[in-house]
Amino acid sequence: MAEEKRDRKKAQHNGAKRTPAAGKKPAQSTPARTGRRSSELIRLEREQQVRRQLLLGGGAVLLFLILLVGIIIPAVRRHGARDVEETVQTPVEVVQTEQPVVSVVESVPEPVEEETPSGPQLALTTSDGEEIYFNQDPAYSEKLTILGTGDNIIHEQLFLNARKEDGSYDFTPYYERVKPFIEEADVATVNQEAPIASRIFEVSGYPRFNVPAVVADTLIDTGFDMLNFANNHILDQGVSGLIESLDYVTEKGYPYCGAYTDEDDRAMLHTVEANGFKVAFIGILDFTNQESDAADGKLIWTSSESRIESLIKNAKANADIVVVHAHWGDENEEYLTDGMVSLAQKMAEWGADLILGNHTHLLQQVRVLRNSEGKLVPVQYGGGNFISGQKERANLLSVLTTADFARNPQTGDVICTGLHCRPIVTHYTGDRNNVCIYPLADYTDELAAEHGVKDFEGETMTTSYLWDIVNKEIPSQFLQ
């Protein structure tokens with residue numbers, strides 16, 4: 001467009017060259033003459049020629065002035081009144097005239113969006129300050145995500161408030177705000193902290209739990225693929241409650257781990273398949289609240305390290321990824337026990353790819369271990385309570401922990417390529433009414449001020465209190 005404007009301007013200038021007026025002839029030279037008359041004639045002719053040139057020049061100037069006045073005055077008349085009125089409101093008013101204005105506009109290049117650097121994610125910093133990053137080798141082109149979280153604890157008031165007039169239970173509103181994140185993962189797993197033996201025993205709360213069996217259906221509907229039963233409450237209804245819980249999920253076709261019908265079941269591979277990956281799950285625990293000799297062969301104790309090693313190595317030989325649920329630690333204590341830290345590193349050496357710890361009711365450290373082969377193994381030492389009706393602020397905080405895995409299709413080797421943590425909080429009002437799990441990023445100070453925990457603990461819930469815990473336990477590079 002600018003070049004076209006320049007060409008038009010050049011053409012206008014070239015066309016402005018004057019040509020002789022019609023009827024006029026170019027001045028002719030006269031022969032030389034001698035004498036006074038000849039000199040006089042020559043002088044007179046020169047004067048006439050000068051006068052003609054002056055007349056022509058003056059006429060051109062006069063014509064230019066006339067044209068200029070003819071252009072400006074109408075324009076002023078058309079725009080002048082409006083310009084005066086709008087001067088107060090508009091700092092600058094551009095007046096367009098009928099005469100085209102030729103201008104040269106330099107082309108301005110469109111802004112180029114700079115790509116945000118997306119280098120590998122920091123996994124851990126060693127004791128000597130070395131920074132270790134997750135491997136992003138493009139040869140590992142086959143992808144899988146696995147999500148874990150805290151304990152699913154349905155306290156009595158939670159199932160009473162979920163009971164409908166016809167006697168059935170509806171727990172779906174409790175999970176609706178986090179359901180999309182759970183469904184998004186290729187594989188998701190959760191610890192069901194109690195028997196679901198309501199078909200043979202009355203439902204009950206703490207200290208000897210027995211929750212409605214429909215809780216398992218709700219968890220599967222929420223997006224979980226594997227239910228873990230390795231926890232200290234699994235024998236609250238005796239071995240019969242354990243067996244009934246496994247019978248229910250088996251009839252429904254839900255995968256399980258952590259509690260087993262017998263030794264053969266315990267030795268079997270309990271897996272979930274997704275995206276062409278086979279993921280094996282093992283559940284281990286420190287203890288149960290109720291003791292029973294009949295439970296022999298049905299649970300895996302954290303003290304049985306040789307059995308755990310054997311099970312992990314067998315799973316690693318027959319599956320792509322091994323996930324271990326570990327129910328360990330001291331309840332309501334922030335610290336990690338030596339046993340937790342030691343066993344986690346051993347399991348990483350034996351072949352575990354992801355360790356999901358729970359039991360303490362508190363959010364504890366999320367870290368990445370490195371085994372002797374250089375493999376990176378995420379460990380959630382304590383996921384807090386995924387949901388609960390507990391009465392202290394710290395017991396209502398949890399996390400959705402998602403680990404990214406990738407496989408090299410040429411070698412079959414699998415590595416962890418990333419780790420992401422989304423903090424969550426169980427909200428309720430009054431005596432555990434309006435229960436709902438919120439992503440902490442969406443939880444407002446207004447909601448926190450309404451939290452019913454203040455009626456029990458005496459302390460008002462605040463988002464800053466929750467974020468302080470999160471920032472203490474989870475490295476910032478993992479937070480979502």
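The chain is numbered in sequence order, starting from 1.
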Under a plain distance cut-off of 3.5 Å, with no hydrogens placed, do [Y] and [X] share a side-chain donor-acceptor pair?
X      : Y      : result
Gln192 : Asn152 : yes
Thr417 : Gln136 : no
Asn191 : Asn358 : no
Asn434 : Thr429 : yes
Thr401 : Gln380 : yes
Thr288 : Asn232 : no
Glu176 : Thr172 : no
Asp265 : Tyr256 : yes
Glu131 : Tyr133 : yes
Asp413 : Thr411 : no

Validation row: [X], [Y] side chains within 4.5 angstrom (heavy atoms):
X      : Y      : answer
Met461 : Leu396 : yes
Thr218 : Asp221 : no
Phe386 : Val399 : no
Tyr175 : Leu219 : yes
Thr189 : Phe281 : yes
Asn471 : Leu479 : yes
Tyr174 : Cys436 : no
Ile355 : Met347 : yes

Gap separating the [atom1] atom of [X] from the [atom2] atom of [Y], nearest 0.5 angstrom:
X      : Y      : atom1 : atom2 : value
Glu305 : Ile312 : CD    : CD1   : 10.0 Å
Ser388 : Ile437 : OG    : CD1   : 9.5 Å
Arg177 : Asp442 : CZ    : CG    : 7.5 Å
Asn385 : Asn395 : CG    : CG    : 6.0 Å
Thr402 : Leu147 : OG1   : CG    : 4.0 Å
His270 : Leu311 : NE2   : CG    : 9.5 Å

Non-neighbouring partners of Thr302 that pass side-chain hydrogen bond (donor to acceptor under 3.5 Å, both in side chains), sequence neighbours left out: Asp286
side-chain hydrogen bond (donor to acceptor under 3.5 Å, both in side chains) partners for Asp128, two or more places apart: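 By the side-chain hydrogen bond (donor to acceptor under 3.5 Å, both in side chains) rule, Asp128 matches Thr126.
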With ring centroids as reference points, do Phe287 and His327 lie under 6.0 angstrom apart? no
Taking the six-membered ring where the residue is Trp, are the ring centres of Phe478 and His420 under 6.0 Å apart? no
Determine the minimum heavy-atom distance between [X] and [Y], stating which atoms define it.
X      : Y      : value
Asn231 : Ala194 : OD1-N, 3.8 Å
His427 : Glu450 : CE1-C, 4.4 Å
Glu142 : Pro409 : OE2-CB, 3.4 Å
Leu354 : Val377 : N-CG1, 4.1 Å

Between Asn210 and Ser204, does the side-chain hydrogen bond (donor to acceptor under 3.5 Å, both in side chains) criterion hold? Intermediate values first, please. CA-CA 5 Å; Asn210 184 38; Ser204 57; 5.3 Å; no
Please step through side-chain contact (heavy atoms from CB on, under 4.5 Å) for the pair Phe405 and Ile146, ending with a clear verdict. CA-CA 8 Å; Phe405 292 94; Ile146 302 177; 3.8 Å; yes
[X] atom [atom1], over 12 foreign heavy atoms within 6.0 Å:
X      : atom1 : value
Asp338 : CG    : no
Tyr206 : OH    : no
Glu331 : CD    : yes
Glu457 : CD    : yes
Asp166 : CG    : yes
Glu202 : CD    : no
Glu184 : CD    : no

Do the side chain of [X] and the main chain of [Y] share a donor and acceptor less than 3.5 angstrom apart?
X      : Y      : value
Lys375 : Val414 : yes
Arg432 : Asn161 : no
Asp330 : Glu333 : no
Trp328 : Thr337 : no
Glu473 : Gln365 : yes

Going by an N to O cut-off under 4.0 Å, is there a salt bridge joining [X] and [Y]?
X      : Y      : answer
Glu309 : Lys346 : no
Glu263 : Lys298 : no
Lys143 : Asp186 : no

Asp225: partners by salt bridge (charged side-chain N to carboxylate O under 4.0 Å, His left out), with sequence neighbours left out: none
Checking Arg407 against Phe277: charged group under 6.0 Å from the ring centre and within 45 degrees of the axis?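 Yes.
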Geometric cation-pi criterion Arg199 and Tyr248, 6.0 Å radius, 45° cone: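 Here Arg199 fails the 6.0 Å and 45° test against Tyr248.
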List the steps and the verdict of salt bridge (Lys or Arg N to Asp or Glu O under 4.0 Å) for Lys252 and Asp217. CA-CA 8 Å; Lys252 292 280 189 170; Asp217 301 317; 3.6 Å; yes
Might you work through the side-chain contact (heavy atoms from CB on, under 4.5 Å) test for Leu363 and Ile474, ending with a clear yes or no? CA-CA 9 Å; Leu363 180 63; Ile474 303 176; 4.2 Å; yes
Please determine whether side-chain contact (heavy atoms from CB on, under 4.5 Å) holds for the pair Lys164 and Tyr169, giving the CA-CA distance in whole Å, both sets of side-chain angles, and the decisive distance to 0.1 Å. CA-CA 6 Å; Lys164 298 162 63 177; Tyr169 297 89; over 6 Å; no
Could you walk me through whether Ile300 and Ile308 pass side-chain contact (heavy atoms from CB on, under 4.5 Å), step by step? CA-CA 8 Å; Ile300 305 169; Ile308 297 171; 3.9 Å; yes
